[in-house]
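Below: one structure, written as structure tokens.
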Amino acid sequence: EINDLFFIDENNGWAVGHLDWYDDSISSIRCCKPKILNTPDGGRNWKDVDAGISSGILNSIVFVDSMTAYAVGQEYFYGMDPAFTPNIIILKTTDGGASWVQGDGKQMNGALLQVITTNDRNIWSVGFGLDGPQSLILRSADGLSWKVQKHPSEIGGKLIAIDFPSDKVGYAVGYIGFDDATPYIIKTTDGGDNWEVLSFPSLFGRMLDVTFVNDDTGYIIGQFDETGSVALTNDGGKSWTFKNLEPDIEPSWFTESNNRFVIFGNCWHSWACNNLIGLFDGNEFIPFETLALPNETITAAGNPMMDGSITFVTNTKPETWDAKYETTFYRYNVP
């Protein structure tokens with residue numbers, strides 16, 4: 001399964017994820033093989049790259065420059081085995097992805113779901129720790145040693161995405177709980193030393209991705225009160241307005257291209273109606289045509305290129321015990 005994509009330029013792209021294997025004596029997933037893939041030709045061909053570790057899941061990847069990158073995840077499918085407590089995974093490369101080394105995340109329990117870099121070249125990652133669990137924020141100046149922040153004392157908190165529109169101001173989003181989840185957003189105005197919880201008008205739902213175009217104007221996608229929506233603020237999170245998506249649409253994440261936001265996701269009721277949900281310019285939502293991808297799910301989208309194109313991936317999982325995830329990559333030109 002491919003969980004994230006990053007393109008250095010129109011040709012050189014990277015993908016991370018994992019390959020499951022099964023033990024049918026217990027009928028559950030026992031472990032997984034981390035996957036790092038590289039394409040030199042814009043997604044037409046891909047090759048496996050040694051991740052330097054034998055097991056685990058990689059959820060996110062980011063390049064600081066053409067030689068330095070970070071990938072994060074966790075050792076295991078958390079929750080599958082109560083006797084096993086997974087540690088987070090942090091990988092770093094300084095030779096353009098040819099080799100990867102592990103940072104000090106090995107000593108921390110939990111899972112990391114996204115990693116980003118900021119203009120001042122700090123590296124930030126969010127997820128959750130297993131003490132509670134609690135939302136987890138990590139930051140580093142070198143990608144090897146990390147400062148850990150569990151914030152706040154919200155039991156069950158999980159952070160999914162983080163964004164810094166400037167060096168001092170940052171936002172992280174996620175949710176608390178699972179079946180009856182509560183949207184969860186925190187903000188820093190001092191470069192991440194301190195975070196505060198912001199109020200949000202929706203009582204139920206999950207925040208799934210966030211992007212801010214400046215310190216005050218930002219967008220969050222998620223499921224709020226059982227409706228797929230884009231939440232917009234122009235005052236730094238003090239107030240929010242909502243733009244609802246089409247019925248039965250579940251958004252997953254979005255990426256910005258040419259000052260517009262391409263929203264990706266799937267339909268609630270069928271695996272056979274997956275699509276690029278649409279284009280959002282801050283005011284108007286423009287639906288895309290549904291992609292004909294039976295039995296597949298769009299799971300990851302790369303950063304946009306200068307020409308406005310975005311590469312994304314679909315996964316197909318045959319229903320057999322020894323199944324391997326098949327992946328298909330697409331290049332989409334933003335209209």
Side-chain angles (χ1 to χ4, degrees), residues 1-19 34-49 51 57-73 91 93 96-98 100 113-117 160-161 163 208-211 221 250-266 274-280 286-317 324-335:
E1 182 170 348
I2 301 300
N3 297 322
D4 197 17
L5 294 172
F6 191 95
F7 274 76
I8 299 173
D9 54 41
E10 284 77 4
N11 294 314
N12 188 7
W14 293 82
V16 295
H18 62 277
L19 176 67
K35 300 290 286 185
I36 300 179
L37 302 174
N38 174 238
T39 177
D41 53 16
R44 286 184 293 273
N45 297 283
W46 295 78
K47 64 178 181 179
D48 278 299
V49 176
I57 300 168
L58 296 177
N59 294 316
S60 182
I61 184 172
V62 67
F63 273 76
V64 178
D65 52 47
S66 61
M67 301 302 291
T68 307
Y70 305 90
V72 301
L91 302 180
T93 181
W100 297 78
L113 304 179
Q114 188 183 58
V115 60
I116 67 167
T117 61
I160 306 297
D163 189 39
L208 300 175
D209 204 358
V210 59
T211 186
I221 62 166
E250 181 179 13
S252 298
W253 19 253
F254 54 13
T255 187
E256 186 270 338
S257 181
N258 298 328
N259 296 316
R260 293 174 297 178
F261 301 94
V262 182
I263 304 172
F264 294 79
N266 301 290
N274 304 287
N275 51 43
L276 302 166
I277 293 176
L279 197 67
F280 185 71
I286 307 169
F288 290 150
E289 293 184 4
T290 299
L291 296 181
L293 301 173
N295 301 318
E296 296 179 341
T297 63
I298 300 172
T299 57
N303 48 304
M305 297 294 97
M306 293 297 293
D307 61 2
S309 63
I310 294 171
T311 298
F312 62 95
V313 63
T314 66
N315 289 326
T316 302
K317 176 177 172 293
K324 293 183 178 181
Y325 283 93
E326 300 173 0
T327 60
T328 304
F329 291 85
Y330 295 87
R331 178 61 65 88
Y332 183 81
N333 289 316
V334 179

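Note that the structure is predicted; figures quoted are calculated from it, not measured. For reference, positions follow the sequence shown, starting with 1.
Note that the CZ atom of Arg44 and the OG1 atom of Thr39 stand 7.5 Å from one another [nearest 0.5 Å]. Separation of atoms CG (Leu113) and CD1 (Ile160) is listed at 5.0 Å; rounding is to 0.5 Å. Here the straight-line distance linking atom CE of Met67 with atom OG1 of Thr93 works out to 7.0 Å at 0.5 Å rounding. Put simply, CD1 on Ile8 and CE on Met305 are 9.5 Å apart, with the number rounded to the nearest 0.5 Å. Note that CZ of Phe329 and CG of Leu5 are 5.5 Å apart. Values are rounded to the nearest 0.5 Å. Between the CH2 atom in Trp253 and the CG atom in Leu208 there is a gap of 11.0 Å [rounded to 0.5 Å].
When side chains are defined from C-beta on, Asp4 does not count as touching Trp14, because their heavy atoms never get closer than 4.5 Å. Side-chain atoms of His18 and Asn3, non-hydrogen and from C-beta on, do get closer than 4.5 Å to each other.
The minimum heavy-atom distance between Gly42 and Thr311, with the atom names listed, is O-OG1, 4.4 Å. Of all non-hydrogen atoms in Gly13 and Trp46, the two that sit nearest each other are O-CZ3, 3.9 Å. In terms of heavy-atom proximity, Asn59 sits nearest to Val16 at C-CG2, 4.2 Å.
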Check the pair Asn12 / Asn38 against side chain to side chain donor-acceptor pair (under 3.5 Å), numbers first and verdict last.
CA-CA 7 Å; Asn12 188 7; Asn38 174 238; 3.0 Å; yes

Candidate pair Ile61 and Val115, rule side-chain contact (heavy atoms from CB on, under 4.5 Å), full reasoning
CA-CA 6 Å; Ile61 184 172; Val115 60; 5.6 Å; no

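A cation-pi geometry, defined here as NZ or CZ lying under 6.0 Å from the six-membered ring centre and within 45° of its normal, holds between Arg331 and Phe7.
Asp209 places a side-chain N or O within donor-acceptor distance of the main-chain N or O of Phe254, the cut-off being under 3.5 Å.
Taking Asp41 as the reference, nothing meets the salt bridge (Lys or Arg N to Asp or Glu O under 4.0 Å) condition, with sequence neighbours excluded. In this structure Leu91 satisfies the side-chain contact (heavy atoms from CB on, under 4.5 Å) test together with Ile36, Ala51, Ile53, Leu58, Ala71, Ile89, Trp100, Gln102, sequence neighbours excluded. Legend: residues meeting side-chain contact (heavy atoms from CB on, under 4.5 Å) with Asn11, ordered by chain and number and at least two apart, are Asp9. With sequence neighbours excluded, no residue forms a ring pair (Phe, Tyr, Trp, His ring centres under 6.0 Å) with Tyr70. Partners of Thr68 under the side chain to side chain donor-acceptor pair (under 3.5 Å) rule, at least two apart in sequence or in another chain, are Asp65. Applying the side-chain contact (heavy atoms from CB on, under 4.5 Å) test to Thr117 and every residue at least two apart in sequence or in another chain returns Val62, Val64, Ile123.
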